[in-house]
Amino acid sequence: MHVDKQGGFCLKKIMVVGIGNLLMQDEGVGVHAINQLAQMSFPQNVEIIDGGTHSYDLVEFFCQADNLIIIDAMKAGGEPGTIYRAPFDELGLKPDENITSLHEMHFVEAMYLVRLLGYDPEVMVFGVEPQNIGLSLDLTPEVAEKVPRLVELVKEEVERLLQ
């Protein structure tokens, strides 16, 4: 709980955001996971969001969160299906300085804008090493078999934040 501007107590706003493109095979793992999480019951202060591919639309949401949990494909050199968990600030991700349109903005640039606007939510990233990023609606078997565990880990993270 934290104190709001009127001096009252309110629950922390937790947002779980799945990012990715369902048309691009393992790139869509975040959205596949968020679809499963959306079927579960969470307290009112937990919002489950399909972030898709338009991270610039998420800036407004990110500014409302006290805690963000981001789920996305993450190429980090591990075996396909490897699940990573790391605080955003420890990933060393930098915004792309060469974007020329909001349509080119991704999650990292959205977080950069959120902080420029004066908001600083705690951000935990769950990434899954992709096997293949190509045209397909289906995850590769290596990634698909890890989605239930990914969903379980994210649910545990939410429960930890609720304590």
Side-chain angles (χ1 to χ4, degrees), residues 2 5 11-38 42 45-140 143 146-147 150-151 153-158 160-161:
H2 66 276
K5 292 178 182 176
L11 295 173
K12 289 192 296 186
K13 181 72 169 182
I14 300 168
M15 292 188 177
V16 183
V17 183
I19 296 175
N21 186 338
L22 285 175
L23 301 176
M24 298 298 292
Q25 205 157 14
D26 292 343
E27 165 65 22
V29 69
V31 178
H32 284 279
I34 217 69
N35 288 339
Q36 289 188 23
L37 286 160
F42 290 99
N45 62 314
V46 178
E47 192 167 348
I48 307 297
I49 300 169
D50 176 348
T53 58
H54 298 290
S55 295
Y56 63 89
D57 291 333
L58 297 174
V59 172
E60 181 179 349
F61 287 116
F62 289 177
C63 289
Q64 298 171 30
D66 296 300
N67 294 89
L68 283 168
I69 299 172
I70 305 297
I71 310 168
D72 198 1
M74 180 186 294
K75 288 186 179 183
E79 291 292 317
T82 300
I83 299 171
Y84 306 103
R85 176 190 175 275
F88 175 75
D89 292 328
E90 292 181 15
L91 293 173
L93 302 171
K94 303 288 183 212
D96 183 349
E97 297 176 0
N98 297 315
I99 62 172
T100 58
S101 163
L102 288 177
H103 298 286
E104 296 176 4
M105 186 187 306
H106 298 288
F107 161 65
V108 176
E109 288 80 20
M111 280 307 307
Y112 181 74
L113 279 177
V114 166
R115 291 187 171 155
L116 279 178
L117 292 169
Y119 299 93
D120 195 18
E122 182 182 319
V123 184
M124 185 63 65
V125 178
F126 283 84
V128 179
E129 187 77 40
Q131 167 70 36
N132 189 39
I133 296 178
L135 286 176
S136 177
L137 293 172
D138 298 319
L139 296 172
T140 59
V143 172
K146 300 295 181 152
V147 172
L150 174 63
V151 168
L153 290 170
V154 170
K155 187 173 185 240
E156 289 172 5
E157 186 76 18
V158 169
R160 182 188 67 77
L161 292 171

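- The heavy-atom pair separating Ala65 from Pro121 by the smallest distance is O-CB, 3.3 Å.
- Not a single salt bridge (charged side-chain N to carboxylate O under 4.0 Å, His left out) links Asp50 to another residue, sequence neighbours left out.
- Summarising the geometry, atom CE belonging to Met124 is positioned 12.0 Å from atom CD1 belonging to Ile14; distances are rounded to the nearest 0.5 Å.
- Contact of the Ile49 side chain with the Ile34 side chain is not registered, since no non-hydrogen atoms from C-beta on lie closer than 4.5 Å.
- Here Cys63 contributes atom SG and Met15 contributes atom CE; the two are 9.5 Å apart, rounded to the nearest 0.5 Å.
- Here the straight-line distance linking atom CG of Leu23 with atom CG of Leu137 works out to 6.0 Å at 0.5 Å rounding.
- At a threshold of 4.5 Å between non-hydrogen side-chain atoms, the residues Leu68 and Met111 count as touching.
- Within the 4.5 Å cutoff, the side chain of Arg85 has no heavy atoms near those of the Leu153 side chain.
- Residues Ala33 and Val151 share a closest heavy-atom pair of O-CG2, 3.8 Å.
- Between Phe62 and Ile70 the shortest side-chain heavy-atom distance falls below 4.5 Å.
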Could you walk me through whether Asn21 and Glu27 pass the side-chain hydrogen bond (donor to acceptor under 3.5 Å, both in side chains) check?
-> CA-CA 6 Å; Asn21 186 338; Glu27 165 65 22; over 6 Å; no
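- Open room surrounds OH on Tyr119; 12 or fewer heavy atoms of other groups in view lie less than 6.0 Å from it.
- By the 4.5 Å heavy-atom criterion applied to side chains, Ile69 and Leu161 are counted as neighbours.
- Side-chain contact between Thr140 and Pro80 is absent, with no heavy atoms from C-beta onward closer than 4.5 Å.
- Between the side chain of Asp26 and the backbone N or O of Ile133 there is no donor-acceptor pair closer than 3.5 Å.
- Contact annotation: the side chain of Val29 approaches that of Leu150 to within less than 4.5 Å [non-hydrogen atoms, C-beta and beyond].
- Among all heavy-atom pairs drawn from Val125 and Met74, the shortest one is CG1-CE, 3.5 Å.
- Counting non-hydrogen atoms of other residues, nucleotides and ligands closer than 6.0 Å to CD of Glu79 gives a total of 12 or fewer.
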With side-chain contact (heavy atoms from CB on, under 4.5 Å) as the test, would you mind laying out the steps for Val158 and Leu37 before giving the verdict?
-> CA-CA 11 Å; Val158 169; Leu37 286 160; over 6 Å; no
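- Heavy atoms only, all atoms of each residue included: Tyr84 and Glu129 are closest at OH-OE1, 2.6 Å.
- Taking each heavy atom of Ile83 and Lys146 in turn, the nearest pair found is CD1-O, 3.8 Å.
- Under a 3.5 Å cut-off, the side chain of Asp72 and the backbone N or O of Gly127 do not form any donor-acceptor pair.
- Across all non-hydrogen atoms, the minimal contact from Gln25 to Leu139 is O-CD2, 3.4 Å.
- In this structure, Asp138 has no salt bridge (charged side-chain N to carboxylate O under 4.0 Å, His left out) partners at least two apart in sequence or on a different chain.
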Decide yes or no on side-chain contact (heavy atoms from CB on, under 4.5 Å) for Asp66 and Glu122, but give the supporting numbers first.
-> CA-CA 6 Å; Asp66 296 300; Glu122 182 182 319; over 6 Å; no
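- Summarising the local packing, CG of Leu135 is surrounded by 12 or fewer heavy atoms from other residues, nucleotides or ligands at distances under 6.0 Å.
- In this structure, Leu58 CG and Gln64 CD are separated by 11.0 Å, a value rounded to the nearest 0.5 Å.
- For the pair Phe42 and Lys155, the minimum side-chain heavy-atom distance is below 4.5 Å.
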